[in-house]
Amino acid sequence: MKIGYPCINETLPCSSATTFRLASYSEERLIKAVTNNLACLEQILAFNVQHGLLFFRMSSDLVPFASHPVNTFNWQEYFAPSLAALGQFIKDNGLRISMHPDQFVVLNSPTETIVQNSFAELAYQCSIIDLMGLDKSAKLQIHAGGVYGDKPMAIRRFADAVHVLPENIRARLVLENDDRSYSLQDCLEIHERTGIPILFDNFHHECLHNGEPMAEALRLAAQTWQPDDGILMMDYSSQSPGDRKGKHTAHIQLDLFREFLTHLQGLDVDIMLEIKDKEASALPALALLRELGYVPSSAGVM
DNA sequence: GCGTGTCAAGTGAAA
DNA sequence: TTTCACTTGACACGC
């Protein structure tokens, strides 16, 4: 089991997601931003290894405007050595990596240009991981998309889009159950049609489900992962107390996390904590996992 | 320097 | 009809 947090480290004085406005695009700005972002990513990964946080979601903003037509620079070639070095560090230290293309990636949109833009964004994020030389267990997690008043048709469009994706992207793609439209059961149907593993989100499952108890839901999602996909990845969060339903908590509630762990029942998973204060929650969560014996107490201590 | 409106991109629920 | 939430932070303009 590995545990981690997404994208941003709030302890380190750097950001791996610096960007700039489209209006001020230039090759110089791009190179400067990416150079900065990769240097920061290196620091974050080192921090994570030092602290035993071995699961990390990389920012979608490592390369600003990577899939925008304005960007004709061959950044893949320019940054290949840096990305390869980062990849070697990841492999040497046994880190698990994911990326999460944002809400603009909608494979089942009825609008052809949106689907094409989504393909371009997936190609960008996949090429980052490919250039790092990571195996198939490094994943790109997306949601199914919109419903458009006809879910069976929307699911069919999603499956059709997956089937025309290049093999390297399809091999990394995983589907996350969401909290409004596509439940675990919907994702299982898509899995049946496409073979894409399901990344399980416990909080979304609490918001939208078809009655499956948590332990059963975890087992169903885990079954969709093949050996070379690695073990089940999951997002963990809980309700922000006193807030709108579906709002993520600002800080981990360890009693709820401890309760959630009882549903694993021996299942091995990698857990991404989607919690606002990042490593400030991931570190106490890791301490709990060590205390309970899920993670060796010596791992990652330096 | 600092406050703050706005930023490439989609969808659906709530206000 | 518009705003807001999604993982939401930070650029860049104006004072």
Side-chain angles (χ1 to χ4, degrees), chain A residues 4-10 12-26 29-30 32-33 36-37 40 44 55-72 98-125 140-151 153-155 157-158 161 176-183 186 199 201-204 207-208 233-240 243-252 271-282:
Chain A
Y5 58 95
C7 306
I8 295 161
N9 180 298
E10 297 186 329
L12 296 169
C14 71
S15 166
S16 65
T18 54
T19 184
F20 48 88
R21 295 288 180 257
L22 178 59
S24 54
Y25 182 91
S26 72
R29 295 271 326 234
L30 181 75
K32 191 176 163 205
N36 173 79
N37 291 343
C40 183
I44 293 173
F55 188 18
F56 186 66
R57 181 189 300 167
M58 298 191 297
S59 167
S60 298
D61 296 327
L62 287 174
V63 182
F65 306 104
S67 67
H68 190 282
V70 75
N71 186 345
T72 56
S98 66
M99 293 182 82
H100 193 346
D102 56 32
Q103 62 267 37
F104 312 111
V105 171
V106 184
L107 291 184
N108 72 355
S109 174
T111 308
E112 183 56 27
T113 55
I114 291 170
V115 177
Q116 289 306 318
N117 292 345
S118 299
F119 282 3
E121 181 67 14
L122 285 172
Y124 145 57
Q125 300 205 13
L140 297 170
Q141 71 183 86
I142 61 169
H143 293 288
V147 173
Y148 312 97
D150 185 348
K151 191 181 277 183
M153 182 65 87
I155 288 177
R157 275 199 308 274
F158 184 92
E176 177 188 352
N177 59 304
D178 69 69
D179 58 348
R180 292 189 310 200
S181 305
Y182 290 88
S183 66
D186 295 322
L199 187 149
D201 186 309
N202 77 300
F203 187 35
H204 291 166
C207 297
L208 179 70
M233 279 183 179
M234 67 163 291
D235 286 349
Y236 174 86
S237 190
S238 59
Q239 175 66 40
S240 177
D243 230 318
R244 167 190 71 75
K245 182 175 179 252
K247 172 90 172 167
H248 291 242
T249 187
H251 185 71
I252 192 164
I271 303 175
M272 179 63 59
L273 295 173
E274 285 197 331
I275 294 176
K276 194 166 167 52
D277 66 359
K278 311 291 177 182
E279 72 275 14
S281 282

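All of these numbers come straight from a predicted model, not from anything done at the bench. Letters go in sequence order (proteins before strands), and every chain restarts at 1.
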Using the [atom1] atom as the reference point in each nucleotide, state the distance between [N] and [M] in Å, no decimals.
| N | M | atom1 | value |
| --- | --- | --- | --- |
| dT7(C) | dG3(B) | P | 30 Å |
| dA12(C) | dA8(B) | P | 9 Å |
| dG1(B) | dT8(C) | P | 32 Å |
| dT1(C) | dC7(B) | C1' | 23 Å |
| dC6(C) | dT4(B) | P | 24 Å |

Does any nucleotide pair with [N] by Watson-Crick or G-U wobble geometry, both distances under 3.5 Å, and what is it?
| N | answer |
| --- | --- |
| dA15(B) | dT1(C) |
| dT4(B) | dA12(C) |
| dA9(B) | none |

Plane angle bin for Phe65(A) and Phe20(A) - parallel if under 30°, tilted between 30 and 60°, otherwise perpendicular: tilted
How are the rings of His143(A) and His204(A) set to each other: parallel, tilted or perpendicular (split at 30° and 60°)? tilted
Interatomic distance, [X] [atom1] vs [N] [atom2] [rounded to whole Å]:
| X | N | atom1 | atom2 | result |
| --- | --- | --- | --- | --- |
| Asp179(A) | dA14(B) | CG | C1' | 14 Å |
| His143(A) | dA13(B) | NE2 | C1' | 16 Å |
| His68(A) | dA8(B) | NE2 | C1' | 5 Å |
| Asn108(A) | dG12(B) | CG | C1' | 13 Å |
| Phe104(A) | dG12(B) | CZ | P | 15 Å |
| Gln116(A) | dG10(B) | CD | P | 14 Å |
| Gln103(A) | dG12(B) | CD | C1' | 13 Å |
| Met153(A) | dT11(B) | CE | P | 16 Å |

Under the 3.5 angstrom rule, does the side chain of Asn37(A) hit a backbone N or O of Thr18(A) as a donor-acceptor pair? yes
At 4.0 Å (heavy atoms only), tell me whether [X] reaches a base, stays on the sugar-phosphate, or touches nothing.
| X | value |
| --- | --- |
| Thr18(A) | sugar-phosphate |
| Val147(A) | sugar-phosphate |
| Ser67(A) | base |
| Ser15(A) | sugar-phosphate |

Side chains of Ser67(A) and Glu121(A), donor plus acceptor under 3.5 Å: yes
Proximal nucleotide (of dA13(B), dA8(B), dA9(B)) relative to the Phe65(A) side chain: dA8(B)
Among dC7(B), dG12(B), dT11(B), the one nearest Ile114(A) by side-chain distance: dT11(B)
By nearest-heavy-atom nucleotide on DNA chain C, the more 5' of Leu22(A) and Glu10(A) is Glu10(A)
For residues [X] and [Y], report the shortest heavy-atom separation together with the two atoms involved.
| X | Y | answer |
| --- | --- | --- |
| Met272(A) | Ser98(A) | CE-OG, 4.0 Å |
| Ser60(A) | His100(A) | OG-O, 3.1 Å |
| Ile44(A) | Cys7(A) | CD1-O, 4.1 Å |

Going 5' to 3' along DNA chain C, which are the first and last nucleotides with any atom under 4.0 Å from a heavy atom of chain A? dA5(C) to dA12(C)
Under the ring pair (Phe, Tyr, Trp, His ring centres under 6.0 Å) rule, what do Tyr5(A) and Phe56(A) come out as? Steps first, then yes or no, please. CA-CA 6 Å; Tyr5(A) 58 95; Phe56(A) 186 66; 5.4 Å; yes
